[in-house]
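Presented below is the structure to which this report refers.
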Amino acid sequence: MKIKYVISDDCIILENLNPDDFNIKDTFECGQCFRWEKTDRQDGYSGIAHGKKLIVQQNEDYITLHCNEKDFLHIWQYYFDLDTDYDEIKERLRKDDIMNKAICSAPGIRILNQELFETAVSFITSSNSNIKRITRNIKDLCTLLGQPIGDGYYAFPTVEALSNADICTINQCRAGFRCDYIHSSANMIKNMSDSFNKERYIEMGYEETKKELMRLKGVGNKVADCIILFAGISSSAFPTDVWVKRIMQNLYIKKEVTLDYVSKYGRDKFGDLAGYAQQYLFHYARNNAVHK
DNA sequence: CTCCAGGATAAAC
DNA sequence: GTTTATCATGGA
C-alpha cells in the first residue's frame, strides 16, 4: 500500500492509514528506539532525530506529523520507512501459522531508519540492560552532551562531543560499565572518519558490515545485528536476544540450542525479511509471557 | 536479601 | 575454538 500524505497548516497528514498499517505506540515502544515518549495529549508522542523534535499523533485512520514539508521529505519520510510496502512484507511472512500469530499481535510495527551513530551508541548501552533503563541512560546522555534544541529537548551527542567528553561526564548517564564502551567506540569512530558511513555499509552488505562493526568496543554479535537492522543498513539481520531465543526454541526449533544457532536459523529461514520477522516475534514473545 | 535485565569482554580451559 | 566470571545499576 502506497502511503498518501497531504500538507496541512503546520503539519503533514498521513491519510487512510489505520493502526494496522502503522501503529505509533508499537513502533516507538518495541525496543528499537529510545528517544520517543508519550506527550500529555492522548495518542501523541514526541521524539528527536537528526537534531529535530517531532510530535506525532495517531487517530483512527490518519497520523499527524507536526513538521513542515521540507523536513518531512528530507527526514521523516525515510525515518518512518514510509516507502516500504509492509503489506507485501507481512503477506510474504504469513506463510506459516506461527508468524501469522506474531504479526497479528502487532501488525502496525514499522522498522525505523535511525541515524547510524545514535543507533550504535544506543545498542552499546543496551547490553545486559532493559528498555526502561536504556531509555533513561540515553536521555541523560543527550542532556549531558547533546546540543539543546529548545523546550528542554536535546539532540543526540555528536561523535566529537562523546569522544572529547571526560569519562566522568559520560558516567553521569548511569550506564555503568557500558560508559567505557561508549567512550572508546566514539573515539574509534572519530578515527574512522568518513568510513563509518551508512551508505558505505549498505554497499558493503551484511557480512562485511557486521565484521567491521564488531571491532567497536561493546559491539558483539547481537548489538551489531541491532545496529544493522535499526539503522536501516540491512533487513536480513536477525538480532537474537534471550526473548527471541526463547520464542524460536519454543515455536520453531523445539529444543534447547545456542544463541548463534538461533541467529543463523532465523537468517536462513526468513532471508531478506529476517529483521521484520524478528520484530514481530520479539513483540509477540514479550507480550505473551513466553516461558524460559 | 537475591536474582535478573534486548550482552560483551578477557581470561581460563 | 569454547566455556566462565565479571562488569554497574536499578527494579522486582
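The sequence lines fix the lettering, A, B, ..., with proteins before strands; numbering per chain opens at 1.
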Checklist entry - So, does A/Asn137 use its side chain to make a donor-acceptor pair with the main chain of A/Arg174 at under 3.5 Å? => result yes

Checklist entry - Can you tell me how far C1' of B/dA8 sits from CG of A/Asp225, to the nearest Å? => result 14 Å

Item to check | Contact list for residues 137-160 of chain A, test ring-ring contact (aromatic ring centres under 6.0 Å, His included), sequence neighbours left out | outcome: none

Next on the checklist: If I take atom CG in residue A/Leu216 and atom C1' in nucleotide B/dA8, what distance separates them, rounded to the nearest angstrom?
Outcome noted: 13 Å

Item to check | Between C/dA12 (C1') and A/Asn130 (CG): distance, integer Å | outcome: 11 Å

Item to check | Nucleotide nearest A/Arg246 when distance is taken to its side chain, options B/dG6, B/dA5, C/dT9 | outcome: B/dA5

Item to check | Rounded interatomic separation in angstrom, taking CE from A/Met214 and P from B/dA8 | outcome: 7 Å

Checklist entry - More than 12 heavy atoms of other residues, nucleotides or ligands under 6.0 Å from CG of A/Asp10: is that the case? => result no

Next on the checklist: Using the six-membered base ring of B/dG6, report whether A/Phe282 stacks on it, requiring centroids under 5.5 Å and planes under 30° apart.
Outcome noted: yes

Checklist outcome for this item: To the nearest 0.5 Å, atom CG of A/Leu273 lies from atom OG of A/Ser235 at 6.5 Å

Checklist entry - Between A/Arg215 (CZ) and B/dA8 (P), how many Å, whole number? => result 17 Å

Next on the checklist: Work out how far the P atom of B/dA11 is from that of C/dA8, and round it to whole angstrom.
Outcome noted: 16 Å

Checklist entry - When you look at A/Glu207 and A/Arg267, which way does the salt bridge (charged side-chain N to carboxylate O under 4.0 Å, His left out) test go after all the steps? => result CA-CA 12 Å; A/Glu207 299 287 353; A/Arg267 275 175 53 73; 3.5 Å; yes

Next on the checklist: Checking A/Asp180 against A/Lys217 for the salt bridge (charged side-chain N to carboxylate O under 4.0 Å, His left out) test, could you report, in this order, the C-alpha distance in whole Å, the side-chain angles of both residues, the deciding distance, and whether it holds?
Outcome noted: CA-CA 8 Å; A/Asp180 287 328; A/Lys217 267 288 167 58; over 6 Å; no

Item to check | Exercise: do A/Glu212 and A/Tyr201 side chains pair donor with acceptor under 3.5 Å | outcome: yes

Next on the checklist: Evaluate A/Phe34 against A/Phe123 for ring pair (Phe, Tyr, Trp, His ring centres under 6.0 Å), listing each step before the verdict.
Outcome noted: CA-CA 10 Å; A/Phe34 306 98; A/Phe123 282 94; 5.3 Å; yes

Checklist outcome for this item: In numerical order, the residues of residues 26-35 of chain A whose heavy atoms come under 4.0 Å of DNA chain B are A/Cys30, A/Gly31, A/Gln32

Next on the checklist: Could you tell me how far C/dT4 sits from B/dG6 if I compare only their P atoms? Round to whole Å.
Outcome noted: 23 Å

Checklist entry - Which residues within residues 263-277 of chain A lie with some heavy atom under 4.0 Å of an atom in DNA chain B? => result none

Next on the checklist: Tell me whether the rings of A/Phe28 and A/Tyr45 are parallel (<30°), tilted (30 to 60°) or perpendicular (>60°).
Outcome noted: tilted

Checklist entry - Which part of the nucleic acid does A/Asn171 contact within heavy-atom distance under 4.0 Å: base, sugar-phosphate only, or nothing? => result nothing

Checklist entry - Considering only heavy atoms, which members of residues 101-108 of chain A lie under 4.0 Å from some atom of DNA chain B? => result none

Item to check | Between B/dC3 and C/dA5 - P atom distance, rounded Å | outcome: 14 Å

Next on the checklist: In whole Å, I'd like the distance from the CD atom of A/Gln279 to the P atom of B/dG6.
Outcome noted: 13 Å

Checklist entry - How are the rings of A/Phe22 and A/Phe80 set relative to one another: parallel (under 30°), tilted (30 to 60°) or perpendicular (over 60°)? => result tilted

Checklist entry - Given that A/Val219 and A/Ile134 both sit by DNA chain B, which one's nearest nucleotide is further toward the 5' end? => result A/Ile134

Checklist entry - Between B/dA8, B/dG6, C/dT9, which nucleotide gets closest to the side-chain atoms of A/Arg174? => result C/dT9

Item to check | Between B/dT9 (P) and A/Lys222 (NZ): distance, integer Å | outcome: 13 Å

Item to check | Partner residues of A/Glu208 under the salt bridge (charged side-chain N to carboxylate O under 4.0 Å, His left out) criterion, sequence neighbours left out | outcome: A/Lys211

Checklist outcome for this item: To the nearest angstrom, the CD1-C1' distance between A/Ile131 and B/dC4 comes to 15 Å

Next on the checklist: Please classify the nucleic acid contact of A/Lys217 as base, sugar-phosphate, or nothing, using heavy-atom distances under 4.0 Å.
Outcome noted: sugar-phosphate

Could you list the protein-to-nucleotides 1-8 of chain C atom pairs, N/O on both sides, closer than 3.5 Å?
residue	atom	partner	partner atom	Å
C/dA8	O4'	A/Phe177	N	2.9

Next on the checklist: Please pick, from B/dG6, B/dG7, C/dG10, the nucleotide with the shortest atom-to-atom distance to any side-chain atom of A/Trp243.
Outcome noted: B/dG6

